[in-house]
Asks: 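Here's a structure for you.
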There are 2 protein chains.
Amino acid sequence: MAGKGKVTVIDIARAAGVSKSTVSLVLQGSPLVSEATRIKVNSVIRSLGYVYNRGAANLRQSRSRIIGIVVNDLTNSFFAEMAVGMDNIVESAGYIQFLAHTGENLDRQRAVISTMHEHGIAGLIVSPAHGTDPDDFQPLVDAGIPVVFAARYVSGPHLSSLVSDNAAGLAMVVRHLAGMGHRDIAFVGGRPDISIFTERLGGFRRGMDEAGLAVRDQWVFPALPSRAGGREAVGALLASAQRPTAIAAFNDAVAFGVCDGLRAAGLEPGRDVAVTGFDNVIEAASTVPALTTISVDPHGMGQKAAQLLLRQIGSAPAPEHIVTPVRLVVRASCGAGQANTRIQEISA
Amino acid sequence: MAGKGKVTVIDIARAAGVSKSTVSLVLQGSPLVSEATRIKVNSVIRSLGYVYNRGAANLRQSRSRIIGIVVNDLTNSFFAEMAVGMDNIVESAGYIQFLAHTGENLDRQRAVISTMHEHGIAGLIVSPAHGTDPDDFQPLVDAGIPVVFAARYVSGPHLSSLVSDNAAGLAMVVRHLAGMGHRDIAFVGGRPDISIFTERLGGFRRGMDEAGLAVRDQWVFPALPSRAGGREAVGALLASAQRPTAIAAFNDAVAFGVCDGLRAAGLEPGRDVAVTGFDNVIEAASTVPALTTISVDPHGMGQKAAQLLLRQIGSAPAPEHIVTPVRLVVRASCGAGQANTRIQEISA
DNA sequence: CATCAGATTTGGAACGTTCCATTTATAGGT
DNA sequence: ACCTATAAATGGAACGTTCCAAATCTGATG
């Protein structure tokens, strides 16, 4: 309640008639202080409106409780959910997070990382922007600060990662579509310069191969990994001589765009053309038609990534690379019957 | 590149043959130091791999460059975009942000706010959780830390706010629907315990009144402010004796749910029943049918809120309350013709 | 050559905590 | 009464910076 000058541990000590060291011990819940003084000190702390200065504390102990989280695109609900998953774990482990959005801008990302370093983070989780140079993390690694990549991945020494099994996911999609009788399947969306695209396309090819189907080059159609990208791409695709009967989209956002584009061309997704996504964002369950997709549980991935980081903060940082399994969620958009769909949705 | 012990300003001083004070001056770009020494010191800084310790710095200056941002729900793209808008401004003003997600949990919110206080934030922007007690911010206010509410609003002394003109928005929607000949208009979604609901419903009533239309109580239908909420609500609404010809939804998410629900009942949104939203989230432009909605530009709101906060950090914090104007964006979902729609979309 | 103004540079003393080595108090045993 | 072991409390020093007042350096001036 004091005016300008902040209340410090010394003020508390004076008011409680003990030394500042004792106050410090109370603050960190040490068992070395007697019950009586603990109570007295705590009451003074409350009545003076003291607020702990963590900056000063970890200047001395040089170990902070701040975790940096850098996300390429928070407006993409996949990454937003992942960030929330991280937040849950980080927060309940008694840490607090610096969260920054880079918007795929490398300079921004570099700036953000070094500012975080200057603030003394205990660890860093990054979903890196396109074209990220692993050297950007070297200063952190040199300082013994663990770094974990999530969702996306850049390889470098002493860097950990947690990504989902992109290839397996697309192979599952293709297997399912082939099982439903589709032979003409297109792959739409994504930018060839990122690892995820290569992995998913690889899975697509593997799935086609296993099903004994040929991949038509003009049906592998890169596009912006957004709703708009999907919508545009499908326009071009429908203009081609022979039309695919099924479209495996790079992710859910693209898949929604593909549905928009099909409707705009008078085709009903799910009935006239099968459409599948990847990510299983929340909306996937509730759009019409509900989207068949690969569930990668961004929230869970965020949690796992945070747990991985916390593990590394404690011990000597031995880098780990985790690939999380994915799961096919069948809904109406791939042409599965309504009844079937409803059941699957509930299980999702 | 040194081993464990961090490189400090003293190491730099020694290596460059100057005093630590001089190094400090170089660090903060002071004009008092000669060009020659500046260059020498800078080169030593680079070669030793020095990293500035902001914690130590603002222990001394007791003014930090950290801004706290607390958001009720990051997975809602409206708030996510708003957070990104804040990030842009905060970042380019040379600040860094603590960003936390409360998930509408009051305890979490309280915990997060006090941790941020302990870390010494320069200011705080909050999109408060339901039922937030303004007293929770008293310690910050007492410490002279400016607090700005964004999107949602809790009134209290010395607290600023920036909200959009919810009432005007819904009144505009109703005026437009009435102008298109609709007389039976329902209001769907939102929880009555938050200020936004009251404001929007108030605007709805005002609009109906001005158009000389009656509000039917059974057509004011609160529901969870989510896609799922909208979908459920519309089911109940369609079961009623007389059906509305237009549905003004609480927000875009609800509107999408309403569209889903209509389709599930065999009705085509935009053709059979007019649907409108509120927020103008990115997807609103690209869904089919494109959604008529109120544009509140979350990104811009985030930016404005951040600017408001920065203004207050500089000067004596005189609380401000800003109501940002909103704009009607007419698209296909309210039954406007396709041609018209396309033009409007571009202007949006 | 002494003086002075301006430009540079510099030693400490802070900032608010933690930690270590000591001191002081308490109680139990002979 | 004395010693000892344990419990509780305490005074600095340290963490890495900034800031102030004071010191030093540079030429130019008379």
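In what follows, every heavy atom counts, from backbone to side chain, and hydrogens, waters and symmetry copies are set aside. Letters go in sequence order (proteins before strands), and every chain restarts at 1.
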Asks: Taking N or O atoms only and anything under 3.5 Å, show me the protein contacts with nucleotides 16-18 of chain C, one pair per line.
Replies:
unit_1	atom_1	unit_2	atom_2	d
C:dG16	N2	A:A56	O	3.4
C:dT17	OP1	A:Y50	OH	2.4
C:dT17	OP1	A:N53	N	3.4
C:dT17	OP2	A:V9	N	2.6
C:dT18	OP1	A:Y52	OH	2.8
C:dT18	OP2	A:S24	OG	2.4
C:dT18	O2	A:R60	NH1	2.3

Asks: Respond yes when some side-chain nitrogen or oxygen of B:S19 is under 4.0 Å from OP1 or OP2 of C:dT10, and no when none is.
Replies: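 Yes, B:S19 has a side-chain N/O under 4.0 Å of OP1/OP2 on C:dT10.
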
Asks: Give a yes or no on whether the backbone of A:Q61 and the side-chain of A:N58 come within a donor-acceptor separation of less than 3.5 Å.
Replies: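 Side chain of A:N58 to backbone of A:Q61: no pair is present.
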
Asks: State, without any angle test, whether B:N88 and B:H299 hold a side-chain donor-acceptor pair at a distance under 3.5 Å.
Replies: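 Yes.
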
Asks: Check the pair B:E320, B:K304 against salt bridge (charged side-chain N to carboxylate O under 4.0 Å, His left out), reporting the backbone distance first and the verdict last.
Replies: CA-CA 12 Å; B:E320 291 180 48; B:K304 280 189 200 133; over 6 Å; no

Asks: Using atom types as modelled and distance alone, determine if a side-chain donor or acceptor of A:Q303 lies under 3.5 Å from a backbone N or O of A:G85.
Replies: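 Checking the backbone N and O of A:G85 against the side chain of A:Q303, no donor-acceptor pair under 3.5 Å is found.
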
Asks: Any side-chain N or O of A:T37 less than 4.0 Å from the OP1 or OP2 oxygen of D:dA9?
Replies: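 Checking A:T37 against D:dA9: at least one side-chain N or O falls below 4.0 Å of OP1 or OP2.
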
Asks: When the aromatic ring centroids of B:H117 and A:Y52 are compared, is their separation below 6.0 Å?
Replies: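 Distance test on ring centres: not under 6.0 Å, no.
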
Asks: According to ring pair (Phe, Tyr, Trp, His ring centres under 6.0 Å), does anything in residues 71-100 of chain B pair up with another residue at least two apart or in another chain? List the pairs.
Replies: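 Found A:F98-B:F98, B:F98-B:H119.
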
Asks: Please report, rounded to the nearest Å, how far the P atom of C:dA21 is from the CG atom of A:L32.
Replies: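 One finds 15 Å between P of C:dA21 and CG of A:L32, rounded.
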
Asks: Considering just the side-chain nitrogens and oxygens of A:S34, establish if one lies under 4.0 Å of OP1 or OP2 belonging to D:dA8.
Replies: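 Result: no.
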
